[in-house]
Amino acid sequence: MPSTAEPIIQLRGATKRFLSGRGDVHVAVSDLDLSIQPGEFIAVVGPTGCGKSTTLSLVSGLEPASDGSVRVAGREVTGIPDRIGYMFQADALMPWRTVLGNVAAGLKWRGDGAEATAKALDWVARVGLKGFENYYPHQLSGGMRKRVALAQVLVTEPHILLMDEPFSALDVQTRSLMQDELLRLWQGSGTAVVFVTHDLEEAITLADRVVVMTASPARIKDIFPIPLARPRQVEELRVQPDFIELYKHIWSCLSDEVAIAREEAARVG
Amino acid sequence: MPSTAEPIIQLRGATKRFLSGRGDVHVAVSDLDLSIQPGEFIAVVGPTGCGKSTTLSLVSGLEPASDGSVRVAGREVTGIPDRIGYMFQADALMPWRTVLGNVAAGLKWRGDGAEATAKALDWVARVGLKGFENYYPHQLSGGMRKRVALAQVLVTEPHILLMDEPFSALDVQTRSLMQDELLRLWQGSGTAVVFVTHDLEEAITLADRVVVMTASPARIKDIFPIPLARPRQVEELRVQPDFIELYKHIWSCLSDEVAIAREEAARVG
Amino acid sequence: GCHTQGSDASDAKAGGTDKVTIMVGGLDKIIYLPAQLTQSLGYFKDQGVDVKLLTQPSGANAENALIAGQVEAVVGFYDHTQVMQAKGKCLESVVQFANVPGEAEMVAAQQADTIKSAADFKGKKAGVTSPGSSTDYLTQYFTAKAGVTTKDYTTVTAGAGQTFISAMQKGGIDAGMTTDPTITTLEQKKAGQVLFDMRTEAGTRKALGGLYPASSLYMSCDYVNQHKETVQKLANAFVKTLGYIHDHSAAEIAAKMPTDMKGGDDTLYTSAMNSSKGMFTTDGKMDGDGAANVLKVLSFANPDLKGKADSIDLSKTYTTQFVDKADSAS
Amino acid sequence: MRPDIAAAVARTRRRHRNHRIQVWLLRLALVVVVLGLWQLATTFWLDPFFYSQPTAIAKKLYVWFTDGTSKGSIWHNIAVTLEEAVLGFVTGSIVGIVLGILLGRARLVAEVISPFIQMANAVPRIILAALFVIWFGLGLESKVATAFILVFFPVFFNSFQGAREVDRNLVNNARILGASRVQVLWSIVVPSATSWILASLHTAFGFALIGAIVGEYTGAEFGMGLLINQAQGTFDTAGIFAGMIIITVIALLAEALLGLLERKLLRWRPPSPSVDTAAV
Amino acid sequence: MRPDIAAAVARTRRRHRNHRIQVWLLRLALVVVVLGLWQLATTFWLDPFFYSQPTAIAKKLYVWFTDGTSKGSIWHNIAVTLEEAVLGFVTGSIVGIVLGILLGRARLVAEVISPFIQMANAVPRIILAALFVIWFGLGLESKVATAFILVFFPVFFNSFQGAREVDRNLVNNARILGASRVQVLWSIVVPSATSWILASLHTAFGFALIGAIVGEYTGAEFGMGLLINQAQGTFDTAGIFAGMIIITVIALLAEALLGLLERKLLRWRPPSPSVDTAAV
Ligand SMILES: Nc1ncnc2c1ncn2[C@@H]1O[C@H](COP(=O)(O)OP(=O)(O)OP(=O)(O)O)[C@@H](O)[C@H]1O
Ligand SMILES: Nc1ncnc2c1ncn2[C@@H]1O[C@H](COP(=O)(O)OP(=O)(O)OP(=O)(O)O)[C@@H](O)[C@H]1O
Ligand SMILES: [Mg+2]
Ligand SMILES: [Mg+2]
């Protein structure tokens, strides 16, 4: 699906450092180089704590890069770029709004008040929460909250969609339903997706390219194109031999990193 | 591993209802009957939002049952039972304490101040966070926070261990390491574990019995004994034919439920 | 209520009635009793003036309200007109209610044996209502006359009323200057006794070597010049009231006062009234020597008048032209 | 609704009612004990001249409400004070909330201005009350100004802090979803700060009453402050306490209204565990 | 440390310093503008009798600090007021925090008592100041009591609310981990409520000063309140303002100390985005 147009997201030597506790500096991600075309679906995998979320926050403009350049739609990122959607790893629902109010919020803020409720109702149903429209977040289970967050982002129809482990709190069946739904929506929409996950199967199932990041400080270790045909049917894909081949190939790369991350952690301090 | 001693956890007709939004009543779990022996490892699976977390909160004494009885160690649960550990689905680290402070908290509160720091240091290392002892929670990634929470619970060496999707934010490799670690610790410790997960593979890998819950309101649909030999080696188990057989068997039961849950949600409202 | 401001109201004559707002430095104090009494007797109405009485616990802010044009007149101590002249503001007393301060220097019961004259104040704690008040200046003056300077004793702010009584009972002050009904209450409670009774001419002369005209109705000179008619009506009313006080017993006067102002203890109030009523003038006229004596006291104690007695033109601080006419009218 | 659920709901209702009755009984008991001790103490040990007596205060209140006061009907005096207090409360809270929230989100301005606000907060209000009389006259305005200034500061500081405490995740999420600065303020910051603001409003009405009364002290024609001032001037301790009691009762009524508002605004909250959720 | 990182850290330090300088310059500019306008206005339009003048105030301050006041050295007066304020502040905050947190966690007691606390909060402090003089005498105690009562309420209400706002997850987790009620209070509730408490302490020292001054107004031998009262009595507007300025400067110094404490206690917080984290 990658087109050869100008990249919509472009990281060049992007680096992010944090001042940790007592004045020392923690390098979260370092020298990232990555170009993403409009309409491309990128999955990012890597050991936990390596800097995946940090990378998304650089692209979203929420955190400025310490060094290097982050460009979105051809412009250097200084604030939040237009038409970007970001589903956070942490809970970020407004506790004082109902499910419906949370999902409709984005549209109302953007001034599409008229159809906001109708669209939001539709999305609440699509994520399987019909009947829960008037519940407050604290009345929902963990997985239900995640689905509300998903609807909240998707209803705004972003051109760039950043997703940080969106399905990790869902049971397998709901998860594959959601994956299918996501693919169906994305297909032909021209939206660029950056999808962080710790589930390599999921990454391969969904993405055009899988980015494997190294252990902390994160760099890009390798990028694997996934030449599986689209449209893909999530459930069926897993048993295909190409898939299994790809899985093994990328897994060997990833598991090295995870092992390094553990050793690293064991060595420090 | 189940012994024939008096059950350490016993639910009889346990029911939990919530007053939702505008005065109507939401039945979260209904008529649960379940006995768990000391030293038994129980996994609970079920569709998202069915009431798994609610079940744990009944056992932990944090929420009183609306009906029926919940007994722990032979006594009706009114407050928090002794020597119980509960790893929450949501983040519950103290933001004003460092990783080490968070992990040591339980021991200090219980009066084991002397060895608290040493034990906590040990546990921080076991969950792979050596070097991060002095970080505050907001400086950690999502997966790292989960591991801190894990260490925080395990360091108190509970007799009953309730875990609510503890590994869902971890990458596969870290997760299997954690699973191994958990099994190693639990083995022969006499601790009863109730482990909520949405990953059936994980459930079968770890548990003596897998409890499948029905769609909301949750009841127990079926309980499957897992006659796999112990000690188990997580990575190797998955390819064994018994395992795959069990998986298929339980999956067919579970997926019915998930499908019902979706239909239910679609029908309501 | 939406109170109209005095300055706007004064010029508006509603149905031929003049509207005047008077700020009283403590409507409930017996030294300022003529204000409420005139209102109760209806003499303002008889004169065709619509008077609104406001009250304020301390006299000092009353001038500010007057100078800022919030009120037309103040019922307060005459000495303020002199201080104001030193500050470049012209105020004048038009009706003088009393030529004595109406205060008494009280001595705490425990100290009755040790403090017998002004000279005994050395090393004691002398109470005043507030620093920079007339009680402060009078205390400084009568002690100085006995050769005791402010460095020899401590001046303590003790407020008026209950705080003063409590301070005297608890030894917070050894002596102190206050007015009725505090004086009478102290006597009744046997917590203190009178050293100098400045409610009478004799006592005032003994303490200060002359009179000390105090309680009065004063206004800004400009107002007096521009509203002679209105001022005359007020003077008429007040002089009539002063006559009433002279001609009636304490009990009769007390009966005319609103119950609240007597604090629920009629006998106390009546007996306080009895000891105080003698201080009021009958004609509202300023005693010229008394005015000079005030200047003497102030130029000793007030920081603005210290050593500047000569620059004060006493004739601009009071006038008797209105009370003179009022007398002949009645 | 299934019958067993209906029964459970009824049970909860009953428990709630019993709880309320218990609370009221305890309050009543407390009042009775305090008044009883007071009456006893002033009868046997303390001088009622300074401490008054419940019976004397009750008598005073009776007189005020039947015969009226020297300043006219007690209701009129209450109305005057109430008007001043309400105006001061409303203006002070609104300005405090708006400024607090705006400054709470504008870091540079806040850093520059905050020491001055701290300074202003340390200016004694009685002195201000005197200045207000000069600036605004002796009418309603100066009392409202005094009430305003007393209300403003606590509300401002709480709104300010509340606006700064907002969960950063929520703000980030809203910004990503396309909320403008104003919308973030209105949809995220204000609701988040609500419990902060409400906490300050709980004290604020009391302060507004105090402001009105301090203002009346500085010069007034009617009002509860005047009545109390007069009672002080005439050693009428019962009058002082009677005036204070009327004021505190007004404050309580206002507090009850505020409680209703609070319950409405914070309906989205999880109910507190001990009373509400236990076994429906 | 790698050289590029070291450079980055140095850059951050520099940015911080520049920011601080900017803030101070802006504050200075504000002071100059306000004083300038004041001087101008009182020279040409307003009566300095009411509004005084910066130059007159400066002169007054100069006299006070060189020749002393009629009540002795200005330092002595400051010390007296400060002692009263500090004592009132410390006792009022401690009692307010402790009671607030305890009641915040004890629902039944809170429900029973809270209307009485609301009532107490509505009692005008000037009346209380007078009562305190009667009960405690003219010495230190009555002023400390007045300062105490002014400090207590805001601190109490914020601590109370802060204790109620605690994240229920955290409390549950602690209880499961074996924390006793006291430990939950100390390890979870108190740290959670810290920002609430600190927010109230920001206003509280100002209130303590006001309390001391109101107390001195009602009766005293020394103190800034007495000086201001005297200035009022002698129509010395410059003196009033000079006294207020001294008080506000004291309040600012106290505020600076409190700021240090706050930064220490809240070190665990994520730094605010705009200034601190930008590209190390
Ligand atoms: N504010 C901060 N201060 C200091 N260090 C931070 C901060 N935020 C993140 N880090 C560090 O940056 C590293 C990367 O964090 P990040 O959240 O990007 O990881 P991640 O790849 O998303 O991990 P996970 O899969 O567990 O969510 C971690 O080691 C973390 O400790
Ligand atoms: N306080 C509450 N008020 C009303 N309903 C509630 C409340 N808490 C939970 N529920 C409802 O109870 C049901 C079960 O919730 P629970 O959190 O136990 O689900 P779960 O099985 O843990 O789901 P997940 O796998 O998504 O975490 C949900 O439908 C939820 O809406
Ligand atoms: Mg992450
Ligand atoms: Mg759950």
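Each chain gets a letter, A, B and so on, in the order the sequences are listed, and its residues count up from 1.
If you measure heavy-atom distances from E:Trp24 to chain D, you find no contacts under 4.5 Å at all. Neither the backbone nor the side chain of E:Phe205 comes within contact range of chain D, judged by heavy atoms closer than 4.5 Å. Within the 4.5 angstrom heavy-atom criterion, atoms from both the backbone and the side chain of D:Leu26 approach chain E. When heavy atoms are compared at a cutoff of 4.5 Å, E:Phe160 does not approach chain D at all. Looking at E:Leu131, the atoms closer than 4.5 Å to chain D (heavy atoms on both sides) all sit in the side chain, from C-beta outward.
Between E:Trp135 and D:Tyr51, the shortest heavy-atom contact is NE1-CE2, 2.8 Å. Taking both residues in full, the closest heavy atoms of D:Met119 and E:Leu252 are given as CG-CG, 3.5 Å, listed atom of the first, atom of the second, then distance.
Judged as a side-chain hydrogen bond (donor to acceptor under 3.5 Å, both in side chains), and not counting sequence neighbours, the contacts of E:Asn173 are B:Gln152.
Here the straight-line distance linking atom CH2 of D:Trp196 with atom CD of E:Gln161 works out to 9.5 Å at 0.5 Å rounding. Put simply, OG on E:Ser114 and NE2 on D:His202 are 9.0 Å apart, with the number rounded to the nearest 0.5 Å. Atom CE of D:Met244 and atom CG of E:Leu128 lie 6.0 Å apart (nearest 0.5 Å). Taken to the nearest 0.5 Å, the CZ atom of E:Phe157 stands 12.0 Å off from the CG atom of D:Leu201.
Here the side chains of D:Pro115 and E:Glu255 are not in contact, with every heavy-atom distance at 4.5 Å or above. E:Ile247 is not listed as a side-chain neighbour of D:Val123, based on a closest heavy-atom distance of 4.5 Å or more. Here the side chains of E:Thr203 and D:Phe156 are not in contact, with every heavy-atom distance at 4.5 Å or above. Under the 4.5 Å side-chain criterion, counting only non-hydrogen atoms from C-beta, D:Leu108 is in contact with E:Gln22.
The choice from D:Leu209, D:Ile245, D:Ile228 that makes the most heavy-atom pairs within less than 4.5 Å of chain E is D:Ile228. Contact count against chain D (heavy-atom pairs under 4.5 Å) is highest for E:Ala199 among E:Ala199, E:Ala254, E:Gly243, E:Ala251.
Counted by atom type alone, E:Glu165 and D:Ser195 present one or more donor-acceptor pairs between their side chains at under 3.5 Å. If you check the side chains of E:His19 and D:Glu111, you find a donor sitting under 3.5 Å from an acceptor.
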